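Treat the numbers as computed from the prediction; the structure is a model and nothing was measured. Residue numbers count from 1 along this sequence.
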Amino acid sequence: FSVSSAIPNMGKSTITFHLGQAISGTGRKVLMIDADLRRPTLHQLCNILNDKGVSNYISGDIAIEDAIYNVPVDPNLFLLSSGPVPPDPIKILTAQRMQDLLKFAQENFDVVIFDTPPILGFADSLVVATYSQGVLLTATLGEIKFSQMQMALDELSVAKVPML
């Protein structure tokens, strides 16, 4: 599944990390993929460098196995960071190699969680949502306007993306 928000700074990366940690604690093998190729932060929460990741793999610079890190907090928790910020994130996210990445993830992990950019203003989240079974939309009460949340829900509905 994907984790997103309507606007920035709504805690989506923090929630992704803690959900990944909680699920891996049950014995499931979890891969968190930082698909926020614009402002990646998941690697910071995992205390891992962002020198290689999704953008390197899609560009053909490295093998997928070389881009995945085991997160030190749990032997069942893994991270595929975003890698260096590319000039055109949508081009990376829509590349054929993303399909290969998804196939690899489904074959080698029990749960895959995508951390994505905010929905409003970028198409990235909707693109990534097509690779997942649904979107978990996060929000910080008191910091988001109802209209912003409604616009994000409308975009997900129009795109026929299941909401979790």
Side-chain angles (χ1 to χ4, degrees), residues 1-95 97-119 122 124-125 127-141 143-144 163-164:
F1 60 94
S2 298
V3 179
S4 192
S5 59
I7 59 175
N9 303 316
M10 293 286 113
K12 60 183 184 52
S13 298
T14 302
I15 289 171
T16 298
F17 175 72
H18 289 294
L19 279 173
Q21 190 175 11
I23 295 168
S24 69
T26 68
R28 291 188 176 136
K29 195 172 174 185
V30 177
L31 176 63
M32 300 178 297
I33 299 175
D34 195 341
D36 188 342
L37 302 181
R38 296 173 190 277
R39 288 183 41 199
T41 57
L42 194 54
H43 67 282
Q44 294 169 345
L45 295 168
C46 297
N47 200 25
I48 291 175
L49 294 174
N50 192 30
D51 57 339
K52 56 185 177 179
V54 173
S55 61
N56 302 95
Y57 168 71
I58 299 300
S59 300
D61 297 338
I62 59 173
I64 189 68
E65 296 87 356
D66 296 333
I68 295 175
Y69 294 93
N70 182 238
V71 180
V73 297
D74 191 299
N76 289 319
L77 186 59
F78 297 84
L79 172 68
L80 174 57
S81 69
S82 68
V85 175
D88 188 357
I90 288 293
K91 187 175 180 180
I92 295 288
L93 295 172
T94 57
R97 285 180 62 100
M98 273 300 288
Q99 298 294 326
D100 300 337
L101 186 157
L102 184 60
K103 183 177 180 194
F104 175 87
Q106 290 173 333
E107 291 173 354
N108 292 279
F109 296 90
D110 301 315
V111 177
V112 179
I113 307 171
F114 291 93
D115 182 20
T116 67
I119 292 172
F122 304 107
D124 306 29
S125 294
V127 169
V128 174
T130 64
Y131 302 131
S132 67
Q133 294 178 333
V135 174
L136 174 66
L137 196 60
T138 67
T140 303
L141 293 177
E143 293 187 28
I144 187 168
M163 291 172 264
L164 307 175

- Can you tell me if Ser132 uses its side chain to pair, donor with acceptor, with the backbone of Ala129 under 3.5 Å? yes
- Separation of Leu137 CG from Leu164 CG (nearest 0.5 Å): 10.0 Å
- For residues 77-89, the side-chain hydrogen bond (donor to acceptor under 3.5 Å, both in side chains) pairs (sequence neighbours left out) are Asn50-Ser81, Asn50-Ser82
- Under 6.0 Å between ring centres, would you say that holds for Phe78 and Tyr69? no
- Message: Using modelled atom types and a 3.5 Å cut-off, is there a donor and acceptor pairing between side-chain atoms of Lys52 and backbone atoms of Asp66?
- Response: yes
- Message: Thr94 vs Val127, test: side-chain contact (heavy atoms from CB on, under 4.5 Å). Steps then yes/no.
- Response: CA-CA 7 Å; Thr94 57; Val127 169; 3.8 Å; yes
- Message: Nearest 0.5 Å, please: how far is CG in Asp74 from OG1 in Thr26?
- Response: 9.0 Å
- Summary of side-chain hydrogen bond (donor to acceptor under 3.5 Å, both in side chains) pairs that have at least one residue in residues 105-116, sequence neighbours excluded: Ser4-Thr116, Lys12-Asp115, Ser13-Asp115, Thr116-Ser125
- Task: Look at the side chain of Asp34 and the backbone N and O of Leu42, then say whether any donor-acceptor pair between them is shorter than 3.5 Å.
- Result: yes
- What is the distance from atom CG of Asn76 to atom OG of Ser24, rounded to the nearest 0.5 Å? 6.0 Å
- Task: Could you tell me how the ring of Phe114 sits relative to the ring of Tyr131: parallel (under 30°), tilted (30 to 60°) or perpendicular (over 60°)?
- Result: tilted
- Task: Taking the side chain as every heavy atom from C-beta outward, state whether Val71 and Ile48 have any pair of such atoms under 4.5 Å apart.
- Result: yes
- Message: Could you walk me through whether Phe1 and Ile113 satisfy the side-chain contact (heavy atoms from CB on, under 4.5 Å) test, starting with their C-alpha distance in whole Å, then the side-chain angles of each, then the deciding distance to 0.1 Å, before giving a yes or no?
- Response: CA-CA 5 Å; Phe1 60 94; Ile113 307 171; 3.7 Å; yes
- Closest non-hydrogen contact found for Phe109 with Val30 is CD2-C, 3.9 Å
- Task: Look only at the side chain of Asn70 and the backbone of Pro75, and say whether a donor-acceptor pair between them is shorter than 3.5 Å.
- Result: yes
- Message: Is the shortest side-chain heavy-atom distance between Val85 and Leu37 below 4.5 Å?
- Response: no
- Message: side-chain contact (heavy atoms from CB on, under 4.5 Å) for Val54 and Met98? Distances and angles first, verdict last.
- Response: CA-CA 9 Å; Val54 173; Met98 273 300 288; 4.2 Å; yes
- Give the intermediate values and the outcome of side-chain contact (heavy atoms from CB on, under 4.5 Å) for residues Arg38 and Asp124. CA-CA 9 Å; Arg38 296 173 190 277; Asp124 306 29; 2.9 Å; yes
- Task: Determine yes or no for a side-chain-to-main-chain donor-acceptor pair under 3.5 angstrom, with Arg97 supplying the side chain and Tyr57 the backbone.
- Result: yes
